[in-house]
Amino acid sequence: METRLLTDTAEAALILRGGGLVAFPSETVYGLGGDARSDTAVARIYEAKGRPQFNPLIVHLPDAEAVARYAVLPEGFGRLAQFWPGPLTLVLPLREDAGLSPLVTAGLDSVAVRVPAHPVTRALLRDFGGPLAGPSANPSGRISPTRAAHVLDGLSGRIEAVLEGGASAVGVESTILGLVGAPVLLRPGGVPREALEAVLGPLAMGGDASAPSAPGQLLSHYAPRGRVRLNAVAGPGEVAIGFGTGGLDLSPSGDLVEAAANLFHMLREADRLAGEDGVIAVAPVPEHGLGLAINDRLRRAAAPR
Ligand code: TXA
Ligand code: MG
């Protein structure tokens, strides 16, 4: 199959309605989209990513109102919906009559939903008119894509099309908040923990790397081929990433938002420079705001495989 690069959302929506796969841009990372109601489309998403089964996918919707069609709305939903459109995913109880493929939820009785902010994604969701399943558009375990070209690097020939939307502005995946019982932070991401805690009060961190409910929770993830050293000063021949380290610069001004936007792009560049046998030395990143999400992804990139 030849993977086409599209700029027209109507054309992309037509492919999705026919059960095909279209990688779509979003403000966080590019997603690998398929109709969340179609078992075949969702099965093909798993196949294209080479993703272990039983990892549930995020369902992308055009607005907060659409969520009620698929999920039971918990108390306080309105206060969280204020983060939409944007980089927040909510895990909610699944409605019995949701009509989603059970492959999307991996048979769980909860569903992850998100309303993305990227104008191209929003236009696509309007044109498609249904729930769009979309994990990050990378082969399982590899670095998430923040450019259409990154998607083609990993999935060319395995999906029908990639919809062009430029560089992802946020650059790390959405924050995942579990709301099936007491609120729990399942994955740090584009909405800082502090912003959620301003609404909900102190949040427990959920997830357990030994029993992951989210692939972002698998310890080794976002992995370049070479070895990654954290909190490190680059030695001779090593590739440096950091703030003003003289190597790949996440943000010349030390801005964590800019650093998040550059992170996966620079990990790819470091991967290219270091190759299989090289070493990537990452300088310390402050552990607040988007630094939580950045450090989470870096720890996974450095985890032994
Ligand atoms: O920013 C993002 O979230 C991107 C864009 C494309 O929206 N998507 C993304 O998808 O990162 P993915 O599949 O790489 O990560 C989604 C995470 C997974 O780790 C999955 O396990 C978790 O959401 N998830 C989905 N449904 C869940 C559920 N019912 N309970 C717990 N975790 C769930
Ligand atoms: Mg992913």
Side-chain angles (χ1 to χ4, degrees), residues 22-34 36 42 45-46 48-61 70-72 83-94 98 100-118 120-122 124-125 131-146 150-151 154-155 162-163 165 168-181 184-191 206-209 211-223 260 264 293 296-297 300-301:
V22 179
F24 59 92
S26 94
E27 71 277 21
T28 57
V29 300
Y30 276 68
L32 176 49
V42 179
I45 291 178
Y46 286 113
K49 278 183 69 84
R51 168 180 272 198
Q53 216 77 337
F54 305 125
N55 282 325
L57 309 179
I58 294 174
V59 175
H60 299 77
L61 296 168
Y70 306 100
V72 181
F83 290 99
W84 284 339
L88 178 67
T89 294
L90 300 180
V91 175
L92 303 172
L94 177 69
L100 299 175
S101 163
L103 282 176
V104 169
T105 53
L108 298 173
D109 48 18
S110 57
V111 60
V113 291
R114 174 162 110 81
V115 177
H118 193 298
V120 175
T121 329
R122 292 172 66 74
L124 175 67
L125 287 169
L132 186 65
S136 53
N138 51 284
S140 188
R142 311 305 301 191
I143 301 166
S144 297
T146 53
H150 298 167
V151 178
L155 297 177
V162 181
L163 181 59
S168 298
V170 176
V172 289
E173 294 89 342
S174 59
T175 301
I176 304 184
L177 182 66
L179 287 178
V180 171
V184 49
L185 189 63
L186 294 173
R187 177 176 77 181
V191 171
D208 170 7
S213 67
Q217 293 169 11
L218 291 170
L219 218 43
S220 169
H221 202 71
Y222 310 102
F264 290 140
D296 173 77
R297 306 309 187 267
R300 290 167 205 288

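Atoms within a ligand are numbered from 1 in the order they appear, just like the ligands themselves. All values below were derived from every heavy atom in this structure, side-chain atoms included, with hydrogens, water molecules and symmetry-related copies excluded. It should be emphasised that the depicted structure is a prediction, and the values quoted were computed from it without experimental measurement.
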Part of N55 within contact of ligand 1 (heavy atoms, under 4.0 Å)
neither
Report the part of T105 (side chain from C-beta onward, or backbone N, CA, C, O) that has a heavy atom under 4.0 Å from ligand 1; answer both or neither where that applies.
neither
A student comparing V113, I58, T28 should find that the heavy atom closest to atom 16 (C) of ligand 1 comes from I58
Selection from K49, E27, R187 by shortest heavy-atom distance to atom 15 (O) of ligand 1:
R187
T89 meets the side chain to side chain donor-acceptor pair (under 3.5 Å) criterion, sequence neighbours left out, with S174
In chain order, what residues pass the side chain to side chain donor-acceptor pair (under 3.5 Å) check against S101, with sequence neighbours excluded?
D39
Got an N/O contact under 3.5 Å between [X] and ligand 1?
X: S136; result: yes
X: H60; result: yes
X: S110; result: yes

Ligand 1 atoms in contact with I176 (distance to a heavy atom under 4.0 Å)
17 (C), 22 (C), 23 (O)
So for [X], does at least one of its heavy atoms come nearer than 4.0 angstrom to any atom of ligand 1?
X: V29; result: yes
X: V91; result: yes
X: G134; result: yes

If I take every N, O or S atom of S136, is at least one of them less than 2.8 Å from the Mg ion (ligand 2)?
yes
Are side-chain heavy atoms of T105 and Y70 found at a separation under 4.5 Å?
no
Side chains of P93 and D109 in contact at under 4.5 Å (non-hydrogen atoms):
no
Tell me if a side-chain donor or acceptor on Y46 pairs with a main-chain N or O of L103 at a distance below 3.5 Å.
yes
Quick check: does any side chain N or O of K49 sit under 3.5 Å from a backbone N or O of A137, one acting as donor and the other as acceptor?
no
Taking atom types as modelled, find out whether R297 and S144 have a side-chain donor-acceptor pair closer than 3.5 angstrom.
no
